[in-house]
Amino acid sequence: MSELHQDTVLVIGSGIAGLSAALELAHLGLSVTVLTRSVEAEDCNTHWAQGGIVYRGDGDSAERLAKDIMAAGDGLNNPEYVRHLAEQGPAYVRYLLMQQTQVDFDRDNKQQWQTCQEGAHSLPRILHRKDSTGQAIHDVLLAALKRHKSITLLTQHTAVDLITPNHHSLDRRSVYKATQVVGAYVLDQQSGRVKRMLAKHTVLATGGYGQLFLYSSNTAGARGDGLAMANRAGARIIHSEFVQFHPTTFHQKGVSNFLISEAIRGAGGRLINTEGEYFMERYSPEWKDLAPRDLVSRSIFREMLRLNSDCVYLDLCSFLDADKIKQQFPSIHQFCLQHGVDVTQQPIPVTPAAHYACGGVWVDQQGRSDVQQLYAVGEVACTGLHGANRLASTSLLEGVVTGLDVARMIAKNSDQVSLYDEQLIPSWQMNSLESADEVLIQHDMHRIQTIMWNYVGISRSSDRLQRALRELRRLEDDIEQFYRKCRVSDALIGLRNAVRTAIVVTLAAWSNTDSVGCHFRT
């Protein structure tokens with residue numbers, strides 16, 4: 001591919017939201033380029049999502065779902081968007097995942113879609129594919145995308161920065177115009193070249209920023225790339241302090257924080273401390289082990305502090321027989337078994353970990369940011385759906401709804417936008433041929449993660465947040481100088497984005513002095 005690439009729509013990210021948008025755009029007759037920084041498009045949080053996707057259960061209604069979403073979000077949700085998703089979500093799932101593609105969700109003995117209940121849901125309404133729902137959905141969407149002639153999928157391509165004429169155009173009079181995005185500078189990791197990729201419309205689908213924290217359930221790419229690029233372009237960012245910590249990830253020294261699905265507790269599993277006590281009823285008499293995630297995470301955190309332990313345990317074997325555990329949670333069973341824990345015979349050691357960003361780039365109901373021709377879908381976006389905390393299994397649904405909505409809006413208005421004049425956008429100029437020292441990158445990334453975990457984690461205070469800001473700002477100065485003098489690489493781009501996003505999140509946490517949802521101030 002040449003140094004210049006042009007298409008109608010550029011989608012940055014290959015999770016459920018990006019794929020949903022790309023497929024619908026192509027279905028509506030537009031040509032699309034989809035980028036992912038990973039070697040394989042499967043390397044994203046969607047693919048590893050164990051939980052399910054919200055549908056509609058027996059006796060359910062849009063009003064009931066909306067009420068559950070608002071309750072989990074501590075009332076800070078955008079009621080208009082909550083109503084939109086609650087009313088349209090099931091139809092969108094049917095359209096994309098049952099009609100346009102065929103996802104093999106679990107069925108009951110009557111061959112009807114089987115729905116289950118998860119934390120803070122008032123009834124069973126969640127569709128699953130055992131404990132690998134995200135993979136089942138992602139595999140089907142990705143296969144459909146690869147078959148479509150109007151879609152170009154580029155792996156190992158990392159967006160460096162969004163192209164905005166008032167920052168990048170050779171026509172200096174562009175500074176007088178409203179900020180718009182006309183594409184992105186993109187690193188081809190294999191060739192080492194940075195390309196100009198121009199598009200009428202640019203869609204961020206880059207996911208969240210769980211990897212800013214020392215312990216995270218997220219894949220390596222969740223380092224805040226989209227949020228940082230949008231921030232540098234001048235887009236509005238909201239609610240970034242609301243970081244949801246998943247209460248249960250596998251805990252064992254030297255092993256990654258593998259997600260232990262909330263569906264385990266939905267199936268009857270209960271949390272016990274190191275003294276063998278079921279403790280959630282002390283913290284949430286109403287919901288007990290099915291309380292909202294932020295409450296469960298804080299409860300575990302308090303038990304660990306109280307007993308000076310580095311984990312608690314999730315007991316499923318006392319409530320479900322071995323065959324049912326293997327049938328219902330095969331991936332979790334196999335993973336734990338590989339690390340010496342047989343979940344059919346013993347409880348699972350678990351600890352909280354950063355899981356989901358409830359805030360992000362502000363967008364309206366159609367996915368438009370406040371920067372012209374820049375859109376955001378999925379976790380990188382903030383529609384206001386989640387408010388101060390996310391209700392379980394709404395994230396995959398939000399990916400489908402935001403993806404389809406933005407595609408339909410772009411298709412409706414695409415003829416009104418022209419490609420920007422390529423001659424006015426300069427080629428990327430390499431600062432240096434010097435390669436960035438990988439050891440320094442890893443060290444700085446570890447510093448960011450340690451600062452964020454200790455000072456901007458499950459429990460926050462004014463002193464901790466002020467210290468975090470001081471340290472992160474000094475670190476950003478060092479990283480920016482490092483970035484300016486070295487040849488860009490995926491790791492260096494990620495480090496620069498991570499420290500910028502960390503500062504945005506910490507500032508938001510410092511500014512919000514109220515304990516609300518998953519933002520907890522001491």
Side-chain angles (χ1 to χ4, degrees), residues 1-14 17-36 145 148-154 157-171 173-186 194-206 225-226 229-230 232-236 361-378 380-381 402-428:
M1 186 181 290
S2 67
E3 181 269 334
L4 176 69
H5 176 83
Q6 300 185 69
D7 212 334
T8 306
V9 185
L10 175 64
V11 177
I12 305 174
S14 63
L19 297 188
S20 299
L23 284 169
E24 186 68 0
L25 285 161
H27 177 71
L28 295 172
L30 277 64
S31 62
V32 189
T33 296
V34 177
L35 305 181
T36 173
L145 182 137
H148 215 294
K149 295 179 181 178
S150 298
I151 303 175
T152 302
L153 174 63
L154 299 176
H157 278 68
T158 304
V160 183
D161 251 328
L162 300 172
I163 299 175
T164 53
N166 53 1
H167 290 107
H168 300 105
S169 178
L170 296 173
D171 179 2
R173 291 169 297 182
S174 296
V175 297
Y176 301 119
K177 298 180 181 178
T179 303
Q180 62 173 324
V181 169
V182 299
Y185 286 113
V186 176
V194 175
K195 305 170 184 176
R196 292 172 298 162
M197 303 194 77
L198 302 185
K200 290 183 178 181
H201 311 274
T202 302
V203 180
L204 292 174
T206 53
D225 286 354
M229 289 190 294
R232 288 194 293 269
R236 183 181 170 203
V361 180
W362 175 91
V363 292
D364 65 11
Q365 191 166 301
Q366 283 74 45
R368 294 175 292 199
S369 76
D370 59 347
V371 173
Q372 293 178 13
Q373 294 151 245
L374 176 67
Y375 314 84
V377 293
V380 71
T402 55
L404 293 182
D405 280 340
V406 82
R408 292 166 183 172
M409 196 279 304
I410 288 173
K412 185 178 179 181
N413 299 290
S414 187
D415 291 342
Q416 300 172 21
V417 180
S418 302
L419 280 167
Y420 198 78
D421 187 348
E422 65 189 70
Q423 296 181 0
L424 294 178
I425 299 298
S427 298
W428 182 268

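Residue indices begin at 1 and follow the sequence shown. Heavy-atom basis, side chains included; hydrogens, waters and symmetry copies ignored. Quick caveat, the model's predicted, so the values are computed rather than measured.
Atom-to-atom distance recorded for Leu145:CG and Ser14:OG is 9.0 Å, nearest 0.5 angstrom. To the nearest 0.5 Å, atoms CD (Glu24) and CG (Asp405) are separated by 9.5 Å. Note: Met229 CE to Leu374 CG = 9.0 Å, rounded to the nearest 0.5 Å. Distance check: Ser169 OG to Leu424 CG gives 4.5 Å after rounding to the nearest 0.5 Å. The distance from the CG atom of Leu35 to the NZ atom of Lys195 is 9.0 Å, given to the nearest 0.5 Å. His201 contributes atom NE2, which lies 11.5 Å from atom CG of Leu10 (distance to the nearest 0.5 angstrom).
Considering only heavy atoms from C-beta on, Val363 stays 4.5 Å or farther from Arg368 through its side chain. Side-chain contact between Ile12 and Leu162 is present, with heavy atoms from C-beta onward closer than 4.5 Å. The closest side-chain heavy-atom distance from Leu204 to Asp225 is not below 4.5 Å. Looking only at side-chain heavy atoms (C-beta outward), Pro165 and Val182 come within less than 4.5 Å of each other. Looking at Thr8 and Leu25, their side chains never come closer than 4.5 Å, going by heavy atoms from C-beta outward. Side-chain contact between Lys200 and Leu30 is absent, with no heavy atoms from C-beta onward closer than 4.5 Å. For the pair Leu28/Arg408, a side-chain contact is recorded, criterion being any heavy-atom separation below 4.5 Å from C-beta on.
Across all their heavy atoms, Val9 and Ala199 have their closest contact at C-CB, 4.2 Å. Nearest heavy atoms, His168 versus Ile163: ND1-CA, 3.6 Å. Of all heavy-atom pairs spanning Tyr185 and Pro426, the tightest one is OH-O, 2.7 Å. The shortest non-hydrogen separation linking Thr164 to Val181 is CG2-CG2, 3.8 Å. For Thr179 against Ala233, the heavy-atom pair with the smallest separation is CG2-O, 3.5 Å. Between Ile425 and Arg196, the shortest heavy-atom contact is O-NH1, 2.7 Å.
For the pair Thr402 (side chain) and Gly378 (backbone), a donor-acceptor distance under 3.5 Å is present. Side-chain N or O atoms of Thr206 include one that pairs as donor or acceptor with a backbone N or O of Gly226 at under 3.5 Å.
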| query | Please walk me through it: do Met197 and Leu154 pass side-chain contact (heavy atoms from CB on, under 4.5 Å)? | reply | CA-CA 12 Å; Met197 303 194 77; Leu154 299 176; 3.6 Å; yes
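The salt bridge (Lys or Arg N to Asp or Glu O under 4.0 Å) pairs that include a residue from residues 157-170 are Asp161-Arg232, Asp161-Arg496, where partners are two or more places apart or lie in different chains.
Residues passing the side chain to side chain donor-acceptor pair (under 3.5 Å) test with Asp421: none are found, sequence neighbours excluded.
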